[in-house]
Every structure is written in structure tokens, then in C-alpha cells.
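Numbers here are sequence positions counted from 1. All heavy atoms count here, side chains included; hydrogens, waters and symmetry mates do not.
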Amino acid sequence: MPNLAHPLFSAPVDGIDAEMVRGFLDLELEESFTVDYKRGFDSAAETVAAMANTYGGLILIGVDARQSDKNLPGPLVGVKAIDKDRLVSKMATTFDPPGWTPDVIPVTVDDKLLLVVRIDPDTVPRPLFHQGAVRIRLDGRNATADRRLVEVMFQQADAVSPQTYFSDPRFAPDNHAAPHNRDAYRTTPPDMVIRAAASRPLRRNSARLRLHGTTVDALIQALSAPSFTGGHVLPERLHLFARRVDAQQYQEPWAIDPEHGHAWLVRLAAGHQAPSTQDGPRVRLECTVSLANNGTSLDVFFDLLFWTQGQKIADDLWVQGCYEAVRALTHDALPTLTERLLGTSLTPAPPIELHIASGKREQPLLDDTLSTECLGQRTGTGGLRRGTDYLPDELVATGDLSQAVTEALRNIALDWRYLHPHLPLMHD
């Protein structure tokens, strides 16, 4: 097995350059459990799946085999620029569960375009099926796992906690078993929910923390705009967003949901009232705060609940809604709660998740709810189910939320089998 300390295995994607790849090739490592060379991308997806189910590794595409020894790298033949998209498309349509892909990094070496495919085993939803089979990596070749090994992999997957790459299933809006999700709506369940979610670990001695009235009041103030009437009205940007859904509906100020207001779980609500009859589209805003895991973690959700009354939500509206949810969570809710509970807001933002899901148990698909014209041509079949992704940490850290949301939506589009989305501009 090669030395996994080589920087090509762990360097940031934007730090991988021609010099690093050339240095790796000059080592003349044989194909092994964690190294493979491909002339073209055609068989790469199978090797990706095999490495993903074993130790991870690197695949260099555009490198021919040496004539004297097929296990060693030979001449650089390069690939076409479009081959990256073709490989990503192939993985998206042949991997199960869908949604996971490795790093695919184009690098030009000696005037030849190569693809460096890097598989991090800690991010893989094992067992990863490829065309209905579970592939594993042996020394320099792929094989199909037998039934016993597949059973072991499922057992291991059940035994470990979710890796950070994947969303926390508790945070999914359509996970009705989660304690901070609704078991039922007092009125008609929403057709769609957009959720921005985050979980921040608290100190081990923080089990005594409570959501006191001063903390909840500070959160309401952070989510509100000044008002001559003294009410906690929506800020201008959210007010205008709600008007785009329906300009005639009265917008309620922020208030505590009477069913969710105690020392460990508080839900605030604002915007349109949930409809009890077929009387026009609505959007309601909710911010839910939970001191979870016996008070050792702070879970915060910002939700947009849509009732469409049979109309599809326009592309630019739901995309902007994703941005508004993320912005309200990261700019307003999280800093305020962190300051109140931890005494400082000068801490890095925790991982931010974005979810798009149906609010109806009996109708989990979004096909009749979302307009998908901006996503382009679909390459697969099946209904649109919940879309979920993390926002890139580095973009959130630098405050580039529009680009962070764009990247997350591109990954969600890929999960939905849309390879070339053209997302509308988000307004800050």
C-alpha cells in the first residue's frame, strides 16, 4: 500500500497542481488497493465504487499503462475537458445510494489534461452499490463482494455515527419522528419546506443551560425589523419575499408558537397564516431552537413553509427562499443564540445544512410543487424527493452565502439527476 501521507491524498482541492501530480507520478507506484491509473474514464466509476467500499484512494485518469508493466504508470495521454462531466454523470446514475461523489480534479500536466479522482472513505455511505453490485478493491484490481461481506458492511454502517459529509437525518423536515419536527400541523400541512439547519456543540457542563425569556426575546429582536407599533415585524427583505408569494395576505409578526415554548425547545413563527381553506398561496416563516442531547448541543432551524394551492413555485422564488433561510440562520439566529448561551459570538459557524422537502407524509415527491426549468435537462428517472446538502464551510466562513447556496443547490440538482443547472441570481 502506498504512503497515504503524500499530499495528493489530503491536500485541499485548490492546492492540487501540476507539480504535485507530476511528483506523484514520478514515484512510479504500482496499482494497488489505493492507487489506479486509467487511460480513459469509461471504467473509472466501478473503481471509484470499489475503493469507496474499501480503503479509499486515488485514480489518475489520462495515464496510459506502461508497456513493460501494466501496473505502472506510462505515457500521459490526457482526456477531454467534457470527460469530467461525463464521469460525474456516470457516477450519479450508477451509484446507490445516490448523492455521494468523490473529488474529481482536472489538472494539466505536460500539456495533457488529467483527472485526479480522490476517494475519501470516511465520507462514503457504505455499502455503495454500483450498477446493483457492491464492488471492493483488492491489490490492483476490483472484485464483487459476496453476500456475507455485504451483510458485514451494512452492520458496520448501522454501528457508526453519520460522517460529517452527510446531513443529520434528525434535521430533515420530512423526518416526522424527530422531536423538534411536527407530528402534525394544526391546519393543512405545507406542500414544501425549505430548511436551513445547524447544530453547535455546547460545553460539557452546559446541561443546565435553558432558553430563558431574555434569550428568546433577543432572538426575536434579531429576526425583526424596527416597528412604530412595537411589534416584531419581518425585516424588509423577508417582508418583500412574503409579498412575492401573495401581496394581499396579512403578515403576522414574530411570536412564540404556543405549542412549542419551554426551556429546551422554542419555535417562533411569522408571515402568512397557514391556510385552512383553498384561499391562495401562503408562506410562513419559523425559527426553531432546541437544546438537544441533554443540553449538550444547540440545534437551530430556519424554515420557509409553502402552501401552493396547486401552483408550482417559480424557480427564482424557491432558489431565493433557500438563500433567505440560510441568511437568516447564519446572520441573525446563530450569532444571537451563541452570544446568549456561550457568552461570545466570535466562534466559527458550525456546518450549515440546506434541505428542500415535502411537508406531506402522503405526498413525499416535489414534482408538482417545484418549477425545475432552471435545472435544465434531467438525465434520470424517478420522482423528486427531499434534496439535502451541506454548504461549503470555506464560503460560509468568508460570508459568501450566495455562492455557498449555489454550490449546495448544484449538488442537490445532481442528486435529482440534473447535471447542468443554470440557477437564477440570488439577491442579497
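- Using a 4.5 Å cut-off on side-chain heavy atoms (C-beta onward), F95 and W100 make contact.
- V319 places a side-chain heavy atom less than 4.5 Å from the side chain of L409.
- Salt bridge R282/D246: absent, no basic N to carboxylate O contact under 4.0 Å.
- A salt bridge links D83 to R86: at least one charged side-chain nitrogen sits closer than 4.0 Å to a carboxylate oxygen.
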- Task: Walk me through it: do I356 and C322 pass the test side chain to side chain contact (heavy atoms under 4.5 Å, CB included)?
- Result: CA-CA 8 Å; I356 306 172; C322 292; 3.9 Å; yes
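- The heavy-atom pair separating Y323 from S402 by the smallest distance is CE1-N, 3.6 Å.
- In this structure the side chain of V300 reaches within 4.5 angstrom of the side chain of L329, judged on heavy atoms.
- Other residues, nucleotides and ligands place no more than 12 heavy atoms under 6.0 Å from the CG atom of D368.
- Inspection of the T369 and K312 side chains reveals no N or O donor paired with an N or O acceptor under 3.5 Å.
- At a threshold of 4.0 Å, the pair E28-R66 counts as salt-bridged, since one of the basic side-chain nitrogens sits closer than that to a carboxylate oxygen.
- Donor-acceptor pairing under 3.5 Å is recorded for the side chains of D299 and S199.
- Atom CZ of R385 has 12 or fewer heavy atoms from other residues, nucleotides or ligands within 6.0 Å.
- Listed here is the closest heavy atom pair of L113 and P106: CD1-CB, 3.9 Å.
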- Item | CA sep, side-chain torsions, deciding dist, call: L391, E407, side chain to side chain contact (heavy atoms under 4.5 Å, CB included) | CA-CA 7 Å; L391 274 64; E407 293 297 323; over 6 Å; no
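- In plain terms, the two heavy atoms of L128 and A49 that are nearest each other are CD2-CA, 4.1 Å.
- Between P424 and D316, the shortest heavy-atom contact is CG-CA, 3.7 Å.
- Within a 6.0 Å radius of CZ in R378, more than 12 heavy atoms belonging to other residues, nucleotides or ligands are found.
- The number of heavy atoms from other shown groups lying within 6.0 Å of CZ (R410) is above 12.
- Contact of the L401 side chain with the V326 side chain is registered, since non-hydrogen atoms from C-beta on lie closer than 4.5 Å.
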- Check step by step if salt bridge (Lys or Arg N to Asp or Glu O under 4.0 Å) holds for R22 and D110. CA-CA 9 Å; R22 168 48 68 191; D110 299 343; 2.5 Å; yes
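- Heavy-atom neighbours of D111 CG from other residues, nucleotides or ligands within 6.0 Å: at or below the threshold of 12.
- The shortest heavy-atom contact between P75 and A65 is CD-O, 4.1 Å.
- Checked by atom type, the side-chain pair H272/Q251 shows no donor-acceptor distance below 3.5 Å.
- Side-chain atoms of L8 and V21, non-hydrogen and from C-beta on, do get closer than 4.5 Å to each other.
- In summary, the side chains of T93 and R417 do not present any donor paired with an acceptor at a separation below 3.5 Å, with no hydrogens or angles considered.
- Using a 4.5 Å cut-off on side-chain heavy atoms (C-beta onward), P335 and T338 make no contact.
- The closest side-chain heavy-atom distance from V289 to L337 is below 4.5 Å.
- Taking CG of L219 as the reference point, atom CG of D332 lies at 9.0 Å (rounded to 0.5 Å).
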- Item | Step-by-step side chain to side chain contact (heavy atoms under 4.5 Å, CB included) determination, L60 to L25 | CA-CA 9 Å; L60 273 66; L25 290 169; 3.5 Å; yes
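- Contact detail for S358 and Q363: the closest heavy-atom pair is OG-O, 2.6 Å.
- You'll find the side chain of W254 stays beyond 4.5 Å of the side chain of V233, heavy atoms only.
- Tested against D36, the residues R137, R118, K70 include a single salt bridge (Lys or Arg N to Asp or Glu O under 4.0 Å) partner, R137.
- Remark: E373 CD is loosely packed, at most 12 non-hydrogen atoms of other residues, nucleotides or ligands lying under 6.0 Å away.
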- side chain to side chain contact (heavy atoms under 4.5 Å, CB included) assessment of L317 paired with R244: CA-CA 8 Å; L317 185 62; R244 287 194 58 196; 3.9 Å; yes
